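Before any comments, here is the structure.
For ligands, and for the atoms within them, numbers begin at 1 and follow the listed sequence. Given the structure is predicted, the values throughout are model-derived calculations rather than measurements.
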Amino acid sequence: MTALLEVEDLRVAYGKIEAVKGISFSVEAGQAVTLIGTNGAGKTTTLRTLSGLLKPTSGKIVFDGKPLNGVPAHKIVSLGLAHSPEGRHIFPRLTIAENLQLGAFLRKDTAGIEADIRHVYDLFPILGERRKQASGTLSGGEQQMLAMGRALMSRPKLLMLDEPSMGLSPIMMQKIMATIRELRSQGTTILLVEQNAQAALSLADQAHVMEIGRISLSGSGHSLLHDESVRKAYLGED
Ligand code: ATP
């Protein structure tokens, strides 16, 4: 079986600085895969490249059987790859409902869009309660929920989440992680970038540790969660 996403020897540079130095990994349909690693490891750069926002210097990206090299970002969304970016990037003056509508900007099936908005409100009831409110008034965690909801509105085959737990209280973080698990159990394929290694590894089928632009270790989420070097470096154990 070919994977939904295949990344082969991907390299990405900012001018002379190479941020991603030849990484390879794949995501099977239905799986949750995580990239963990410290600040500056190249995780965000990888997601931005997959979304078409950055151009790789070399390497291959194949999504759903199609090569993505040279495909513009809006076309990549329409192929079924959605990105909930780091720092959220919601539109603060628009209401929650309007932000969600924008996530469906490529779709014309009004009934399907309405059904998906209801699905987002089921996942995150607080967004439904506040749907007419300007999004800038939401808390950080609620804005994160909205960013995830907006990415879901394109009905993605693959949902990429960049540090969804960043800056959240422990309770809010648990809520977000529980929702990611729920989405996965509903069949959504997920590529999750996280600095919170414990949370990410405990929900991931496959995991990769990134260190200064390279994948230094790969395995099942469970095996990395119990790997001694991972526990020392990323889970704060002696
Ligand atoms: P973080 O969790 O801190 O976002 P990350 O693993 O996502 O880390 P990236 O943001 O991908 O890491 O950064 C990888 C490297 O590329 C870092 O050394 C960073 O300083 C550099 N970098 C990122 N964005 C740019 C940019 N726009 N211009 C130049 N260098 C950049």
Side-chain angles (χ1 to χ4, degrees), residues 5-27 32-61 63 68-69 72-73 76-77 81-90 140-141 143-148 150-151 158-170 172-174 176-177 180 190-204 206-219 221 224-225 227 229-236:
L5 175 72
E6 295 196 56
V7 175
E8 213 180 288
D9 203 16
L10 186 71
R11 290 176 182 272
V12 192
Y14 299 101
K16 286 187 181 149
I17 301 166
E18 193 170 50
V20 174
K21 303 175 180 175
I23 62 166
S24 301
F25 66 95
S26 58
V27 181
V33 174
T34 188
L35 304 178
I36 60 167
T38 48
N39 278 321
K43 307 177 302 294
T44 296
T45 302
T46 302
L47 291 197
R48 290 177 59 80
T49 307
L50 295 175
S51 287
L53 299 169
L54 293 171
K55 205 167 140 2
T57 37
S58 66
K60 208 161 93 180
I61 304 167
F63 178 66
L68 291 192
N69 299 58
I76 290 177
V77 179
L81 205 162
H83 186 173
S84 175
E86 190 178 26
R88 300 167 194 132
H89 298 286
I90 58 156
Q143 291 189 21
Q144 182 57 55
M145 294 173 187
L146 180 56
M148 280 174 65
R150 192 180 56 185
L158 175 64
L159 175 65
M160 301 198 299
L161 301 168
D162 196 350
E163 300 214 16
S165 78
M166 189 170 61
L168 302 187
S169 68
M172 202 51 111
M173 191 198 82
Q174 277 175 16
I176 293 282
M177 290 297 163
I180 296 171
I190 292 164
L191 178 57
L192 169 67
V193 157
E194 259 298 338
Q195 286 208 37
N196 185 326
Q198 173 85 41
L201 293 176
S202 49
L203 66 77
Q206 281 294 314
H208 306 281
V209 179
M210 278 191 82
E211 281 173 14
I212 43 174
R214 294 195 170 84
I215 290 179
S216 58
L217 188 64
S218 300
L224 294 201
L225 199 53
D227 180 277
S229 64
V230 172
R231 296 193 74 82
K232 279 188 180 155
Y234 300 103
L235 303 173

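Taking a cut-off of under 4.0 Å to the non-hydrogen atoms of Thr45, the atoms of ligand 1 that pass are 9 (P), 11 (O), 13 (O), 14 (C).
The shortest separation from a heavy atom of Gly42 to ligand 1 is under 4.0 Å, placing the residue in contact. Residue Glu86 places a heavy atom less than 4.0 Å from ligand 1.
A donor-acceptor pair is defined here as one N or O able to donate and one able to accept, closer than 3.5 Å; no such pair exists between the side chain of Gln195 and the backbone of Ile36.
Counting all heavy atoms, side chain and backbone alike, Val230 lies closest to Leu201 at CG1-CD1, 3.9 Å. Residues Leu159 and Ala151 come closest through the heavy atom pair CD1-CB, 3.5 Å. Here the shortest heavy-atom pairing between Arg214 and Ile23 reads CA-CG2, 4.0 Å.
Among protein heavy atoms, atom 31 (C) of ligand 1 sits closest to Tyr14 CD1, 3.2 Å. Nearest protein heavy-atom contact of atom 19 (C) of ligand 1 is Gly40 CA, 4.9 Å.
There is a protein heavy atom less than 4.0 angstrom from atom 2 (O) of ligand 1.
In this structure, of Asn39, Thr38, Thr44, the residue bringing a heavy atom nearest to atom 10 (O) of ligand 1 is Thr44.
When only interatomic distances are considered, the shortest N/O to N/O separation between Ile17 and ligand 1 does not fall below 3.5 Å. Polar contact check, Thr46 against ligand 1: no nitrogen or oxygen pair lies under 3.5 Å apart. For a threshold of 3.5 Å applied to N or O pairs, the pair formed by Ala19 and ligand 1 contains no separation below that value.
Remark: of the listed residues Asn39, Thr49, Asp162, Asp162 is the sole one forming a side-chain hydrogen bond (donor to acceptor under 3.5 Å, both in side chains) with Thr44. A side chain to side chain contact (heavy atoms under 4.5 Å, CB included) with Leu191 is found for exactly one of Leu161, Leu47, Thr34, Val7, namely Leu47.
Ionic pairing of Glu18 and Arg11 is present here: one or more N-O contacts between side-chain nitrogen and carboxylate oxygen are shorter than 4.0 angstrom.
Contacts between Glu163 and ligand 1, counted as non-hydrogen atom pairs separated by less than 4.0 Å, involve the side chain only.
Within 6.0 Å of the CD1 atom in Ile212, the count of heavy atoms belonging to other residues, nucleotides or ligands does not exceed 12.
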